[in-house]
Asks: 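To start, I am sharing the structure in question, which I have written as structure tokens.
First listed ligand is number 1; within each ligand, the first listed atom is number 1. Counting from 1, the numbers follow the sequence of the chain as shown. Keep in mind that the numbers below use all heavy atoms, side chains included, and drop hydrogens, waters and symmetry copies. Computed from a predicted structure; not experimentally measured.
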Amino acid sequence: MDSPEPFRSSGSSPPRDASAIDSRLGAGHGFGPSTTAVHAGESRQKLADAIADPIVASSTYTFRDTRAILDLLEGKTSREEYGRYGNPGERVVEAKLAALDGGEMAVLFSSGMAALVGVLMTWLNAGEEVVFFDECYHRSREFCRRHLTRFGVGFREVKTGDYDAMEAAIGPRTKMVVSESPTNPHLSIVDCARFADIGRRHGVMTLIDATLCTPFNQRPLESGVDFVLHSATMYLGGHNDLIGGVVVGARERMQPVRDLRGVMGGINSPHNCYLLERGLKTLALRMERHNANGLAVARFLESHPRVEKVWYPGLESHPYHAVAARSMRGYGGLVTFLVKDADWEATARVVDAARIPRIGPSLGGVESLIEQPMVMSYWNYSPAERASFGIHDNMIRLALGIEDPSDLVADLARALEVTA
Ligand code: PLP
């Protein structure tokens, strides 16, 4: 007699429709973000009665007999088949992410960029066009400008926050409009309801890259946006130890994305999925600290005599503070500022003098990071190009982790003295 085996085709394997795994903690069930982050998407009773999900390190999944194959092909069972189409840990993470963002289906990719490429390649055809707000991640725009255009897909950019320009750019070929919110490094905030409304009125799809806010601070799908995208490398993973990405939206729009991913193959390994599931459990707690650290450091910098300007949406001085205050739970852990009367070398000395933040790209992990965008991301651009992107030689971007705010403030106060 067969013993129960959780991952056989008996029906006990995780369903393909991940959002149904634990519907009690799915979207719209009234649980708070921390309860959702800890429990959503998980079966109550797991392999060996363990509380943690297993890492199912398998590239393929076997069938008991030919009937089991046919049951799968005929849609009578739901189970794993081959690792490029998914793995059990990934189903759990996808269901958790769908619940967190209030969407029907999440599709996980091997990186944030793979997620963006996946959703754009799914929905854009030759002869159609995509319009971006111009503060979106430069690699996302590079993909459109240099690669999508090779396949006959048009690409336009309009100034971030200029909704009239966005509407004017929409033509009969436009299929999708894309923005990030908050943007990086200026932290501009998009009015998601207004953005979604433009999409609805013009019959185009809308996508928000919400990497910097996470579903803890804002849920763009609730404002009517069609797709929300995150680099899971950042706050969702949260520990600077994995690369991943996710797109969330309505089932009918996401199933084709999942189908293309199965062909593209940009999937996460079972080990990576485990790390992401583990990271997600503390998302709400971590975001509370990232938000608190962001506000404390931004306020400190704004009052510092050696600081020329601070960008942080939680500050009243930020141009998008009003929209941020009415649409976001918190303002995140990114703070950008200009060092007063400093050239790029004096600014670099401040970066080098900081003892707590490590120097590096990326954001959203528990360890604080510091970088000078002109050096880290724009060194090979001309001064005119840098100016057009709003990148100043004396700009520093802080991606605050979860250290104690007083320690971060004291460390920055000391680092700023090097320009004195
Ligand atoms: N979206 C934003 C806002 C990002 O900052 C990044 C990376 O920096 C990406 C997407 C791409 O994510 P990944 O590095 O996971 O491919």
Asks: Does any N or O in the side chain of Glu288 come within less than 3.5 Å of the main-chain N or O of Leu285, such that one atom is a donor and the other an acceptor?
Replies: no
Asks: Below 3.5 Å, N or O to N or O, backbone or side chain included: is there any such pair between Met113 and ligand 1?
Replies: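 N/O-N/O distance under 3.5 Å: yes.
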Asks: Who's closest to atom 13 (P) of ligand 1 heavy-atom-wise, of Ala210, Gly112, Ser181, Ala115?
Replies: Gly112
Asks: Does any N or O of ligand 1 fall below 3.5 Å from an N or O anywhere on Glu180, backbone included?
Replies: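 No - when backbone and side-chain N and O of Glu180 are compared with those of ligand 1, no distance drops under 3.5 Å.
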Asks: Ignoring hydrogens and angles, tell me if any N or O in the side chain of Asn291 forms a donor-acceptor pair with the backbone of Gly332 under 3.5 Å.
Replies: yes
Asks: Could you tell me, atom by atom, which parts of ligand 1 come under 4.0 Å of a heavy atom of Gly244?
Replies: 15 (O)
Asks: Does His230 reach ligand 1, in the sense of a heavy atom lying below 4.0 Å from it?
Replies: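 Heavy atoms of His230 never come under 4.0 Å of ligand 1.
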Asks: Starting from the C-alpha separation in whole Å, work towards a yes-or-no answer on ring pair (Phe, Tyr, Trp, His ring centres under 6.0 Å) for Tyr61 and Tyr82.
Replies: CA-CA 6 Å; Tyr61 299 83; Tyr82 180 60; 8.6 Å; no
Asks: Can you confirm if the aromatic rings of Phe337 and Phe300 lie within a centre distance of less than 6.0 Å?
Replies: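 Not close enough - the centres of the two rings lie 6.0 Å or further apart.
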Asks: Among Thr233, Leu212, Asn184, which one puts a heavy atom closest to atom 15 (O) of ligand 1?
Replies: Thr233
Asks: Does Arg329 make a cation-pi contact with Phe216 (under 6.0 Å, within 45 degrees of the axis)?
Replies: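 Because its charged atom sits under 6.0 Å from the ring centre and within 45° of the axis, Arg329 does stack over Phe216.
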Asks: Checking a contact table here: which protein heavy atom is nearest atom 8 (O) of ligand 1, and how many Å away?
Replies: Met234 CE, 3.3 Å
Asks: Determine whether the side chain, the backbone, both or neither of Arg139 has a heavy atom under 4.0 Å from any heavy atom of ligand 1.
Replies: neither
Asks: Show the atoms of ligand 1 that are less than 4.0 angstrom away from any heavy atom in Ser111.
Replies: 15 (O), 16 (O)
Asks: Short question: side chain of Asp101, backbone of Pro215 - any donor-acceptor pair under 3.5 Å?
Replies: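 Flag not set: sc Asp101 to bb Pro215 has no pair under 3.5 Å.
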Asks: Which atoms of ligand 1 are found less than 4.0 Å from any heavy atom of Asp209?
Replies: 1 (N), 2 (C), 3 (C), 10 (C)
Asks: Can you name the atoms of ligand 1, numbered from 1 with element, that are less than 4.0 Å from a heavy atom of Thr211?
Replies: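 It comes down to these atoms of ligand 1: 1 (N), 2 (C), 3 (C).
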Asks: Is it true that a side-chain atom of Thr233 and a backbone atom of Gly244 form a donor plus acceptor pair closer than 3.5 Å?
Replies: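 Yes; judged by distance alone, with no hydrogens or angles, the pair exists.
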Asks: Quick one: does any side-chain atom of Asn87 pair with a main-chain N or O of Gly89 as donor and acceptor, under 3.5 Å?
Replies: yes
Asks: Quick one: look up the protein heavy atom nearest atom 4 (C) of ligand 1 and list residue, atom name and how far away it is.
Replies: Tyr137 CG, 3.9 Å
